[in-house]
Chemist: 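Handing you a structure now.
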Amino acid sequence: MTNPEIQSARPTEMAKAYEHQPVEQSLYAWWERSGFFAPRADAPNPPFVISIPPPNVTGELHLGHAMFVTIEDLMIRWRRMQGFQTLWVPGTDHAGIATQSLVEKLLRSEGTSREAVGREEFLRRTWEWKEKYGGQIQNQMRRLGASCDWARERFTLDAGLSRSVHTAFKQLYDDGLIYKGTYLVNWSPTLGTAVSDLEVEYETRNVSIWYVRYPVITEGWAGPQHAWGSGRWAEGATEWITVATTRPETILGDTAIATAHGDERFATLLGRSAVLPALARHIPIIADEYVDKEFGSGAVKITPAHDKNDYEVGKRHGLAQISILNKDATVNAEGGPYQGMDRFAARKAIIADLEKEGLLVKTEPHTMSVGISQRGGEIIEPLLSEQWFVRMRPLADLALAAVREGRTRIVPERFEKVYYHWLENIEDWCISRQLWWGHRIPVWYLPDGTMVVPGPDEAPPEGATQDPDVLDTWFSSGLWPFSTLGWPDQTPDLATFYPTSVMETGYDILFFWVARMMMMGCYLTQTEPFHTIYLHGLVRDEHGRKMSKSYGNVVNPLVVMGEQGTDALRFTLATSGTPGQDINLNPQRIESARNFANKIWNITRFVISKLQIALPNPQSAITNPQSAMTLADRWIVSRYHRLCLDENRLMEGYNVGEAGRQMQDFLWGEFADWYVEIAKVQLEGDEQRQQLTREVLYTVLEGTLRLLHPYIPFVTEEVWQYLTRVEGGEPGPTHSLMLAAYPAGDAAFIDAQAEVNWGMTQELIVAIRNIRSEYKVEPARWVAATVVAGDRAGMLREQAALISRLGRADAAKLEIVESLEVKPSQSAAIVIGTLEAYLPLAGLIDLVAERARLTKELEQAEADVSRREAKLANEGFVGKAPANVVQRERDSLEAARAALMALRGRLAELP
RNA sequence: GGGCGAUUAGCUCAGUUGGUUAGAGCGCCACGUUGACAUCGUGGAGGUCGGUGGUUCGAACCCACUAUCGCCCACCA
C-alpha cells in the first residue's frame with residue numbers, strides 16, 4: 001500500500017473520537033510494507049543500532065516485553081527521525097530448557113517420551129513446533145508498533161548463529177578458556193541437567209536440623225558387631241562425636257568429620273577415626289578452618305561430593321569424594337541399604353534407623369535458604385559430575401575494564417557497582433546442559449578418547465562421536481549483538497552496524513545476559529558490543545506486588561492494547577517512572593493515556609477545521625520572530641521551542657519518562673487549554689491575523705506531533721496524515737511522520753518577555769474566573785471589569801479581547817487603566833502583585849463574604865511579605881546568594897508589598 | 001553479613017547539577033454540553049516532602065544516623 005492509498009482510505013471528515021483498532025492495523029502494515037523499518041542507506045547521520053533482547057520462542061507477550069519494545073522503539077524512532085541510520089535487529093531465543101520442557105509435555109500427552117522417540121525425532125518434533133507456533137511473539141511485537149527490521153530477524157538456533165556459536169566455542173577452547181572437568185555442579189534432578197549458579201534461586205525455608213552422634217574407635221571397641229538396623233549396631237562404643245546436619249541422607253557420602261582448630265572439646269578425638277552410621281566406614285576426625293566452633297555441635301560431617309564447602313575441605317585434606325546419588329536423585333550403590341530410594345525417602349529412612357540405633361541426639365527447627373531450580377522449582381542438588389566450563393576471570397577483566405574506562409556506560413549509573421561486584425567475584429561458568437534442544441557442543445571424541453574441536457567449516461574426523469551435551473542457552477545469547485550481524489564473517493552489516501549503540505533491557509538480566517555479552521563481545525570482537533546499557537525496571541501491579549497468576553493480578557498487554565490502544569499502553573509504560581525503577585502499573589493511568597490520544601485527535605480535528613485550505617507554506621510566517629505575531633502567538637511559539645530543546649536534552653540523557661510527561665503537559669495544558677481558546681478569538685480578526693493564527697496552530701501542532709511520535713506512533717501518524725493532507729496533490733510514498741525530521745528547537749524563538757507577559761494575562765483571566773465561580777455568576781453572564789495595571793496597562797489593553805472572551809468579561813465594560821482614583825463599590829477585588837482588578841457584581845456581592853475572602857488573602861500577603869523581609873534582612877543571604885536570586889527576591893517583595901497595600905486599602909473601603 | 005532502591009496530596013507517581021508560592025494524573029467538592037474533545041471544560045479543597053541531627057544565606061534535593069517496605073549478592077553443618 002502506498003501512502004496515497006493510506007490517505008485516500010481516510011474519510012474526509014475525522015470521526016468525533018479516535019478509534020485505535022483500524023488505525024493501528026493499517027498503519028503498521030503500511031510502514032512495514034513500505035520498508036520504513038530498514039536502515040536508510042542515505043541517512044545523513046551515523047548508524048544507531050539496538051539488538052532486541054530476544055524473547056523465548058515459546059513466549060507469549062507479557063508486560064516485560066511491552067516495556068522493552070516501548071522503550072527501544074521510542075529510541076529507534078527518535079534517532080530515525082533525527083536522521084541516524086537506524087537498525088533494530090529482531091529475533092527470538094531457542095530457550096533450551098523452556099522449549100524442551102514444552103515439547104516433552106506434548107510428547108507425554110501423546111503417551112510417549114523424549115527417550116522413547118530418540119534424539120533425532122525429538123529435534124524434528126521441536127523444530128516442527130517452532131515453525132508452527134514460534135512466530136506468534138513476533139506478531140505480538142508488531143502490535144506494539146515495533147519498528148524493527150524484520151528482514152534481519154534471527155533465531156539463536158538458525159544456521160548462521162550456529163556457526164557463530166561454533167566459532168566462539170572453538171576460539172575459547174583453542175585459547176584455553178573452555179575446559180571439561182568433574183566438579184560439583186548444581187543439578188536439577190527432574191530436568192536431568194546441570195544448571196549454572198545463576199539459574200539457582202534461594203528460598204528461605206523452615207527445616208529441621210538433626211544432631212547425630214557417630215561412635216569413635218577406641219582401644220576397647222573396633223567397630224560394630226551387629227547389623228545396621230538391629231538396634232545393637234553401636235553396642236559397646238564408649239566415645240562419640242556429634243555432628244549436625246540438615247541433609248541426613250548425605251551421611252552416606254561422609255569421608256571425614258571436621259572440628260575447628262584448637263577446639264578443646266575435640267582435642268582427644270583429633271586424628272582418630274569415627275565410624276559412619278549404616279555403612280560402618282571408618283572416617284578420620286580432622287581440624288579445618290572452615291568449621292565454626294559456635295555453630296551446631298562444633299563438629300561437621302564432611303561430604304565432599306555433595307556440598308560445596310565440604311568439597312573444598314576434602315580437597316585440602318585429600319579426602320575421597322563419594323557420590324551417593326544417581327542423576328535422578330535416587331541413592332546409588334554407595335548408599336548400601338538405602339540404594340534405590342529417592343533422596344527424600346532415604347532421608348526419612350535413615351532418620352528412623354538412626355533413632356533406632358540410638359544415634360539421633362536431637363532434632364531442632366532450623367531456618368536456612370534452599371537452592372531452588374529457577375525453571376523446575378525443585379530443590380537443586382549439588383552433584384559431582386563431568387561438565388564443560390568457561391574460565392571467566394580473563395573475560396570478566398575485559399568486561400570490567402570496558403565499563404571502568406567509560407567505553408560502555410550503564411544507565412542508571414548505580415548498576416555499575418552491581419556489575420563490578422558480580423564480575424569481580426565471578427566463578428567459572430558451567431555451560432554444558434544435558435538437554436537435546438540447543439547448540440550441541442562442537443567436540444568430537446576419537447575411539448581412543450582424544451578430543452577434537454573442528455572449525456565450523458571442517459568435517460569432524462572419521463569415526464568420531466560428538467559430545468552429547470548442548471550449550472547453555474545464554475552462551476548463544478551472549479553472542480547476539482554480533483552473531484545477528486553475521487559474525488564471524490566480515491559482512492557489510494557487521495562492518496556498518498557493529499558495535500551496536502544501546503543495549504536496553506531489564507536489570508533482572510544484567511548478569512545472565514548483559515555481562516555475558518560484554519565478556520563475549522570484548523573477547524571475541526575486540527570491542528565492547530554497545531556504548532550504553534540502559535536498564536529499565538520491572539512492571540508490577542498497581543500496589544507494587546509482583547504480577548503472578550496465583551495473585552490473579554496479571555495484566556495482559558494484548559488485552560490492554562485491544563481495549564485502550566497500543567499508544568495508551570506505550571505512553572503509560574514510558575512515562576510511569578524513572579530509569580531503572582520498578583513501575584507500579586496503574587490501570588487508571590492507562591485510561592488517562594487513552595484519553596490523551598483522543599485529545600490529540602480532537603485538537604487536530606479542531607486545527608484542521610480552521611485551516612480551511614492548504615497552507616501555501618505553513619512554516620514561512622513564523623520563521624521570523626519579529627513578525628506580526630500577537631503576544632499569545634509569541635508565547636506559544638516560545639514555549640514550543642523551549643519544549644523542543646528540553647526534549648532533545650532529556651532524550652539524550654535517557655530520561656524518557658520526563659520527556660513524555662513534558663510533551664503531554666505542553667500539548668494538553670498549554671496548547672489545548674490555552675492556545676486553542678486564544679486561536680478561536682484570533683480567528684475572528686482580520687485576514688492577516690487569521691492567517692498567522694492558522695500558521696501558529698499548524699506549526700506548533702505539527703511539530704509537537706513529531707516530538708510525540710516516538711512515544712505514541714499510531715495516533716500521531718494518523719492525525720498527521722490528516723493534518724498534512726495535500727488537497728489536490730499527491731503526497732509522496734514516503735510521506736510518513738516516522739520519516740519526518742525530529743524538531744531540534746531554536747533558542748532564537750524563546751521569548752522570555754512574552755512568557756512573562758502572557759503569564760500575567762493568564763493569571764488575570766484565572767482570577768476573574770475564580771471570582772465568578774466563588775460568586776456563583778452564571779456561566780452565560782458577561783461581567784464588567786476594571787483592571788488597574790500601572791505600566792502594564794498598555795500590554796494588557798492589547799490582550800483585552802482575550803481577557804474578555806476567556807474570562808467572560810463584557811468587552812464594552814472592560815476597562816484597563818494605569819491608575820484609579822475611586823475604587824468601584826459593590827465589587828469583588830482581585831489583587832495579583834501590583835495588579836488590581838474589580839468586578840462590579842451588583843446584587844451578588846455579599847459584604848461579609850467579600851471581607852472574609854479579602855481578609856484571608858490579606859493574611860497570606862502579610863505572611864508573604866514578612867517572610868521575604870526576613871530573608872532580605874539576612875546578611876548571609878544578601879551577601880552570599882547570587883545577585884539574580886537576591887534581585888528576584890527584592891522584586892517579589894515589592895510585588896508582595898503592593899498586594900498587601902492594595903488589600904488593606906480595599907478592606908478599608910468596604911462599607 | 002555486604003550492597004542497592006523506595007518513602008512527596010486519599011491513590012499512582014514527577015520534581016532537570018540546592019534558589020520565588022513543591023507539580024501531574026486519577027479520586028474528591030462546586031459549576032458547566034458556546035460547533036475540537038463529556039475519553040471534555042472551568043473553578044476549588046488537599047502535602048510541616050518517613051524521622052532525628054548536621055552542612056549551608058537557603059535543603060524534598062547534600063552529609064550522618066535511624067525507621068519501615070522492597071530488591072540484589074554472599075553464606076547458612
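Letters A, B, ... are given to chains in the order of the sequence lines, protein chains preceding strands, and every chain is numbered from 1.
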Chemist: Begin with the C-alpha distance, continue with both residues' side-chain angles, and end with the deciding distance and a verdict on side-chain contact (heavy atoms from CB on, under 4.5 Å) for Arg805(A) and Trp782(A).
Modeler: CA-CA 9 Å; Arg805(A) 183 73 78 79; Trp782(A) 294 78; 4.0 Å; yes

Chemist: Using the salt bridge (Lys or Arg N to Asp or Glu O under 4.0 Å) criterion, which residues pair with Glu859(A)? Sequence neighbours excluded.
Modeler: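 Salt bridge (Lys or Arg N to Asp or Glu O under 4.0 Å) check on Glu859(A) returns nothing, list empty.
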
Chemist: Please enumerate all residues that pass salt bridge (Lys or Arg N to Asp or Glu O under 4.0 Å) together with Glu424(A), with sequence neighbours excluded.
Modeler: Arg404(A)

Chemist: Which residue pairs satisfy the salt bridge (charged side-chain N to carboxylate O under 4.0 Å, His left out) criterion with at least one member in residues 656-671 of chain A, sequence neighbours excluded?
Modeler: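 For residues 656-671 of chain A: Arg639(A)-Glu670(A), Glu658(A)-Arg661(A).
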
Chemist: Between G47(B) and U42(B), how far apart are the P atoms? Round to whole Å, please.
Modeler: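 About 24 Å, rounded to a whole number of Å.
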
Chemist: Glu889(A) near the nucleic acid: base, sugar-phosphate alone, or nothing, with a heavy-atom cut-off under 4.0 Å?
Modeler: nothing

Chemist: For Gln581(A), answer base if it contacts any base atom (sugar-phosphate contacts may also be present), sugar-phosphate if it contacts only those atoms, and nothing otherwise; contact means non-hydrogen atoms under 4.0 Å.
Modeler: sugar-phosphate

Chemist: Less than 4.5 Å apart, any side-chain heavy atom of Leu893(A) and any of Glu869(A)?
Modeler: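 Yes, their side chains come closer than 4.5 Å.
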
Chemist: Would you kindly give the CZ-to-C1' distance between Arg414(A) and C4(B), to the nearest whole Å?
Modeler: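 Rounded to whole Å, this separation is 7 Å.
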
Chemist: Please give the distance between the C1' atoms of U34(B) and U21(B) as a whole number of Å.
Modeler: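 Taking atom C1' in both U34(B) and U21(B), they lie 34 Å apart.
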
Chemist: Is it true that Arg642(A) and Asp646(A) make a salt bridge, defined as a side-chain N closer than 4.0 Å to a carboxylate O?
Modeler: no

Chemist: Between protein and nucleotides 34-36 of chain B, what N or O pairs are separated by less than 3.5 Å?
Modeler:
residue, atom, partner, partner atom, Å
A36(B), OP1, Lys680(A), NZ, 3.4
A36(B), O3', Arg605(A), NH2, 3.2
A36(B), O2', Asn602(A), OD1, 2.8
A36(B), O2', Arg605(A), NE, 3.2
A36(B), O2', Arg605(A), NH2, 2.9
A36(B), N7, Lys680(A), NZ, 3.2
A36(B), N6, Glu677(A), OE2, 3.3
A36(B), N3, Asn602(A), O, 3.1

Chemist: Enumerate all atom pairs, one protein N or O and one N or O from nucleotides 60-63 of chain B, separated by less than 3.5 Å.
Modeler:
none

Chemist: Would you give the length of the straight line joining atom CD of Gln664(A) to atom OG1 of Thr704(A), rounded to the nearest 0.5 angstrom?
Modeler: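 Gln664(A) CD to Thr704(A) OG1: 13.0 Å, rounded to 0.5 Å.
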
Chemist: Should stems be defined as at least three consecutive Watson-Crick or G-U pairs with both distances under 3.5 angstrom, which of them involve RNA chain B?
Modeler: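 For RNA chain B the paired stretches long enough to count as stems (3 pairs minimum) are B:1-7 with B:67-73, B:10-13 with B:23-26, B:28-32 with B:40-44, B:50-54 with B:62-66.
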
Chemist: What nucleic acid atoms does Gly577(A) come within less than 4.0 Å of, heavy atoms only: base, sugar-phosphate, or nothing?
Modeler: sugar-phosphate

Chemist: Find out whether Arg594(A) and Glu591(A) are in side-chain contact, i.e. whether some heavy atom of one side chain is under 4.5 Å from a heavy atom of the other.
Modeler: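 Yes; the side chains approach each other to less than 4.5 Å.
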
Chemist: Heavy atoms only, 4.0 Å cut-off, all strands: where does Arg247(A) land among base, sugar-phosphate and nothing?
Modeler: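 Contact class for Arg247(A): none.
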
Chemist: So what does Ser297(A) touch, heavy atoms closer than 4.0 Å: a base, only the sugar-phosphate, or nothing?
Modeler: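 Contact class for Ser297(A): none.
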
Chemist: Using atom OH of Tyr311(A) as one end and atom C1' of C75(B) as the other, report the distance to the nearest whole Å.
Modeler: 20 Å

Chemist: Would you verify whether the NZ or CZ of Lys680(A) falls within 45 degrees of the ring axis of Phe606(A) while also being under 6.0 Å from that six-membered ring's centre?
Modeler: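 Flagged: Lys680(A) positioned over aromatic ring of Phe606(A).
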
Chemist: Distance between the P atoms of G54(B) and U7(B), in whole angstroms?
Modeler: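 Rounded to whole Å, the distance is 24 Å.
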
Chemist: One thing to verify: whether Arg888(A) and Asp891(A) come together as a salt bridge, which I'm taking to mean a side-chain N less than 4.0 angstrom from a carboxylate O.
Modeler: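 No, Asp891(A) and Arg888(A) are not salt-bridged.
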
Chemist: Taking CD in Glu413(A) as the centre, count heavy atoms belonging to other residues, nucleotides or ligands within less than 6.0 Å. Is the count above 12?
Modeler: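 It does not: Glu413(A) CD has 12 such atoms or fewer within range.
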
Chemist: Give Thr245(A) one of three labels, base, sugar-phosphate or nothing, depending on what nucleic acid heavy atoms sit under 4.0 Å from its own.
Modeler: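 Sugar-phosphate: the residue Thr245(A), judged by heavy atoms under 4.0 Å, touches backbone atoms but no base.
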
Chemist: Could you say whether Gly296(A) or Val878(A) is positioned toward the 5' end of RNA chain B, judged by the nucleotide with the nearest heavy atom to each?
Modeler: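 Counting from the 5' end, the first nearest nucleotide belongs to Val878(A).
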
Chemist: Listing request: all side chain to side chain donor-acceptor pair (under 3.5 Å) pairs with a residue in residues 574-583 of chain A, at least two apart in sequence or in separate chains.
Modeler: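 For residues 574-583 of chain A: Tyr507(A)-Asp582(A), Arg540(A)-Asp582(A), Ser576(A)-Arg589(A).
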
Chemist: Have a look at Ile209(A) and say if it touches a base, only the backbone sugar-phosphate, or nothing, with a 4.0 Å heavy-atom cut-off.
Modeler: sugar-phosphate

Chemist: Across the strands shown, which category fits Val885(A) at heavy-atom distances under 4.0 angstrom: base, sugar-phosphate, nothing?
Modeler: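 Base: the residue Val885(A), judged by heavy atoms under 4.0 Å, touches a nucleobase.
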
Chemist: Using the P atoms only, state how far U16(B) lies from A36(B), rounded to an integer number of Å.
Modeler: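 Taking atom P in both A36(B) and U16(B), they lie 38 Å apart.
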
Chemist: Partners of Glu862(A) by salt bridge (Lys or Arg N to Asp or Glu O under 4.0 Å), sequence neighbours excluded?
Modeler: Arg904(A)

Chemist: Using whole Å, report how far CZ of Arg781(A) lies from P of G43(B).
Modeler: 19 Å

Chemist: Looking at Gln887(A), I want to see if its CD is surrounded by more than 12 non-hydrogen atoms of other residues, nucleotides or ligands under 6.0 Å.
Modeler: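 Counting other residues, nucleotides and ligands, CD of Gln887(A) exceeds 12 neighbours.
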
Chemist: When the ring planes of Phe596(A) and Trp668(A) are compared, do they come out parallel, tilted or perpendicular, using 30° and 60° as the limits?
Modeler: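 Taking Trp668(A) first and then Phe596(A), their aromatic rings lie parallel (interplane angle under 30°).
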
Chemist: Please report the distance separating the P of G15(B) from the corresponding atom of C75(B), rounded so that it comes out in whole Å.
Modeler: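 Per the computed distance, 36 Å lies between those P atoms.
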
Chemist: Quick one, which residues of residues 650-666 of chain A touch RNA chain B with a heavy atom under 4.0 Å?
Modeler: Glu658(A), Arg661(A)

Chemist: State whether the distance check finds a donor on one side and an acceptor on the other, under 3.5 Å, for side chain Arg772(A) versus base U42(B).
Modeler: no

Chemist: Hey, are the side chains of Val656(A) and Pro579(A) touching, using non-hydrogen atoms and a 4.5 Å cut-off?
Modeler: no

Chemist: If the P atom of G51(B) is compared with that of G43(B), how far apart are they to the nearest Å?
Modeler: 33 Å

Chemist: Judged by each residue's nearest nucleotide on RNA chain B, which is more toward the 5′ side, Met368(A) or Asn586(A)?
Modeler: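 In this pair, the answer is Asn586(A).
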
Chemist: What is the per-nucleotide protein-contact pattern of nucleotides 65-73 of chain B, from the 5' end, where B denotes a base atom under 4.0 Å from a protein heavy atom, S denotes such proximity for sugar-phosphate atoms only, and - denotes neither?
Modeler: --------S

Chemist: Does some side-chain heavy atom of Leu697(A) sit less than 4.5 Å from a side-chain heavy atom of Gln682(A)?
Modeler: no

Chemist: To the nearest Å, give me how far apart CD (Glu774(A)) and C1' (C31(B)) are.
Modeler: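 Answer to the nearest Å: 13 Å.
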
Chemist: Please produce a list of atom pairs where a protein N or O lies less than 3.5 Å from an N or O of nucleotides 26-30 of chain B.
Modeler:
residue, atom, partner, partner atom, Å
C26(B), O2', Gln588(A), OE1, 2.8
C26(B), O2', Gln588(A), NE2, 2.8

Chemist: Give me the distance, rounded to whole Å, that separates G58(B) from U20(B) when you measure between the C1' atoms they each carry.
Modeler: 12 Å

Chemist: A side-chain contact here means heavy atoms from C-beta on lying under 4.5 Å apart; do Pro779(A) and Arg808(A) qualify?
Modeler: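 The answer is no, as the side chains (C-beta and beyond) never meet within the 4.5 Å cut-off.
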
Chemist: What's the CD-C1' distance between Glu778(A) and G43(B), to the nearest Å?
Modeler: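 Atom-to-atom, Glu778(A) to G43(B), this comes out as 16 Å.
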
Chemist: Say you pick atom C1' in G25(B) and the same atom in A14(B); how far apart are they, in whole Å?
Modeler: 10 Å

Chemist: Who passes salt bridge (Lys or Arg N to Asp or Glu O under 4.0 Å) against Glu312(A), sequence neighbours left out?
Modeler: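 So Glu312(A) forms no salt bridge (Lys or Arg N to Asp or Glu O under 4.0 Å) with any residue.
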
Chemist: Please state how far atom CD1 in Ile583(A) lies from atom C1' in C13(B), giving the value in whole angstrom units.
Modeler: 10 Å

Chemist: Should we say atom CD of Glu875(A) is surrounded by more than 12 heavy atoms from elsewhere, each under 6.0 Å from it?
Modeler: no

